[in-house]
Amino acid sequence: MSLLHSFLENKKTAVILGHTNPDGDCVGSCLAVYNYLKDCFPQVDVTVYLEQPADKFRYLNGFEQIRTEMPADFQADGCICLDSGDRDRLGAFSGFLEGGGEVLCVDHHITNTRYGDKNVVEPEASSTCEVLFGLMDEEKISKETAACLYTGIVHDTGVFQYTNTSAKTMEIAGKMMAKGIDFSTIVSESFYQKSYVQNQVLGRALLESILFCDGQCIFSAIRKRDMEFYGVTSRDMEGIVEQLRSTAGVECAIFLYEKEFQEYKVSMRSKKKVDVSKVASYFGGGGHVRAAGCTMNGRMHDVVNNLSIHIAKQLEEQA
């Protein structure tokens with residue numbers, strides 16, 4: 001019996017939580033567990049609480065049932081936290097950890113703090129959805145659950161092009177495809193497709209990008225006033241840092257967007273040499289070796305300079 005199954009024994013209510021500004025792996029893992037519980041544990045009253053996910057994930061079964069506000073009164077026998085490395089990443093919903101019963105944390109971030117009563121953290125996995133597959137009975141994974149798991153894997157591997165993609169990742173993805181999911185539409189519409197305004201913001205970020213560290217690094221930033229001008233939110237920033245990283249000769253990419261005055265959300269991506277999780281952890285963030293982030297305060301160029309000191313040190317060590 002897997003830990004997920006044993007965790008749900010004798011529970012009547014459960015809440016599912018993910019990190020703030022939910023991405024594909026977060027939404028996919030949360031709705032994968034939601035659908036799996038609906039199919040295999042119908043006696044459990046289960047609810048998903050997340051910040052409002054992007055509409056591009058609306059095709060996932062259960063999307064309309066996601067609740068986006070913390071209830072005034074809540075009680076649950078169990079709390080399943082997914083794709084979130086620490087309590088703070090749960091945002092407003094971290095309150096469930098105090099009154100939501102036993103906590104199960106399932107994640108793949110190397111910086112995970114093991115804040116659950118029970119923890120399944122596999123840093124070598126491509127995604128939380130890959131970890132979840134190992135906790136589920138494969139024969140009981142429905143087409144709807146498979147679409148959720150495939151979505152998470154696709155988004156956290158960059159459609160199987162990032163170095164976190166393994167033979168096991170591809171095998172699991174193949175098994176989800178065998179469930180009859182519309183895999184080509186999932187890839188084209190949830191990963192690659194962008195709105196007109198998202199393309200405008202991406203274009204601006206690329207146009208204003210700057211190379212440094214002898215062309216080995218690149219950064220770009222979008223200020224809050226520019227986000228307001230275009231009418232975009234943090235959800236529209238997805239994919240920009242990956243596009244920056246694809247620049248020829250670049251090892252490490254940094255993208256910032258301003259959340260409040262001189263408060264920046266930092267996203268970092270690297271190819272082979274820089275462990276960006278170490279950089280992010282130094283500034284109170286976390287993530288993976290090749291993909292990590294944090295929040296920093298100060299003037300934009302001061303933020304970049306502080307990050308570049310740590311990145312340049314790693315590049316020198318690898319030279």
Side-chain angles (χ1 to χ4, degrees), residues 18-19 21-33 57 81-86 89 105-114 119-136 146-177 181 183 186-187 190-192 216-218 237-247 250-255 266-281 285-294 311 314-315 318:
H19 61 71
N21 190 25
D23 58 8
D25 190 31
C26 179
V27 180
S29 59
C30 287
L31 290 180
V33 174
F57 299 118
C81 301
L82 301 165
D83 200 39
S84 186
D86 56 54
R89 285 284 281 153
C105 171
V106 181
D107 191 21
H108 71 127
H109 291 94
I110 194 170
T111 52
N112 188 285
T113 60
R114 274 72 171 176
N119 301 279
V120 182
V121 181
E122 299 179 8
E124 71 281 1
S126 69
S127 55
T128 297
C129 281
E130 180 174 320
V131 180
L132 281 173
F133 175 81
L135 300 178
M136 295 177 174
C148 298
L149 293 174
Y150 188 83
T151 295
I153 291 172
V154 160
H155 277 260
D156 258 23
T157 61
V159 194
F160 312 110
Q161 63 179 318
Y162 299 159
T163 56
N164 59 351
T165 306
S166 66
K168 180 180 179 182
T169 306
M170 300 298 288
E171 180 181 2
I172 295 170
K175 289 179 177 180
M176 298 305 95
M177 292 166 66
I181 64 174
F183 58 89
I186 289 175
V187 171
S190 79
F191 188 85
Y192 287 114
Q216 294 184 82
C217 299
I218 189 171
M237 303 295 107
E238 286 188 27
I240 294 178
V241 69
E242 283 83 4
Q243 190 63 48
L244 290 169
R245 177 172 58 176
S246 67
T247 305
V250 164
E251 160 61 24
C252 185
I254 302 171
F255 176 66
V266 179
S267 295
M268 293 178 286
R269 300 291 186 271
S270 64
K271 290 180 180 176
K272 296 180 179 180
K273 299 178 182 178
V274 177
D275 182 347
V276 290
S277 71
K278 290 183 178 179
V279 181
S281 295
H288 309 289
V289 172
R290 304 292 175 233
C294 58
I311 293 170
Q314 290 194 42
L315 288 173
Q318 292 291 326

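If you're wondering where the values come from, they're calculated on a predicted model, not measured in any experiment.
- For S270 (side chain) and K272 (main-chain N/O), no donor-acceptor pair under 3.5 Å exists by modelled atom type.
- Scanning both residues, D156 and N164, for their nearest heavy atoms gives O-ND2, 2.9 Å.
- Judged by distance alone, the side chain of S190 and the main-chain N or O of V187 form no donor-acceptor pair under 3.5 Å.
- Put simply, the side chain of F255 does not reach to within 4.5 Å of the side chain of V266, judged on heavy atoms.
- When atom types are taken as modelled, the side chain of Q314 and the backbone of D275 share a donor-acceptor pair closer than 3.5 angstrom.
- Looking at every heavy atom in both residues, G28 comes nearest to C148 through O-CB, 3.3 Å.
- In this structure, the side chains of V159 and Y192 come closer than 4.5 Å at one or more pairs of heavy atoms.
- The closest donor-acceptor contact from the side chain of D83 to the backbone of T128 lies at 3.5 Å or more, if one exists at all.
- Here the CD-CD1 distance, from E122 to I110, works out to 13.0 Å after rounding to the nearest 0.5 Å.
- Taking the side chain as every heavy atom from C-beta outward, L132 and L82 approach each other to under 4.5 Å.
- The shortest distance between side-chain heavy atoms of I311 and C217 falls below 4.5 Å.
- Taking a 6.0 Å sphere around CD1 of I240, one finds it holds more than 12 heavy atoms contributed by other residues, nucleotides or ligands.
- The closest side-chain heavy-atom distance from S126 to T165 is not below 4.5 Å.
- Residues E242 and Y162 are in side-chain contact: their nearest non-hydrogen atoms beyond the backbone lie under 4.5 Å apart.
- Taking 4.5 Å as the limit, every side-chain heavy atom of L244 sits out of range of all side-chain heavy atoms of R269.
- Here the closest non-hydrogen pair linking L149 and M176 is CD1-SD, 3.7 Å.
- Annotation for D107 and G85: closest pair OD2-CA, 3.5 Å, computed over non-hydrogen atoms.
- A side-chain donor-acceptor contact under 3.5 Å links N112 to the backbone of S84.
- The backbone N or O of V274 lies less than 3.5 Å from a partner atom in the side chain of E251, making a donor-acceptor pair.
- Separation of atoms CE (M268) and SG (C252) is listed at 7.0 Å; rounding is to 0.5 Å.
- When all heavy atoms of A147 and I181 are compared, the closest pair comes out as N-CG2, 3.6 Å.
- For H155 and F57, the ring centers are positioned less than 6.0 Å apart.
- For the pair H19 (side chain) and R89 (backbone), a donor-acceptor distance under 3.5 Å is absent.
- For K278, the NZ atom sits in a loose shell: 12 or fewer heavy atoms of surrounding residues, nucleotides or ligands are nearer than 6.0 Å.
- Closest of all the heavy-atom pairs between V276 and A291 is CG2-N, 3.4 Å.
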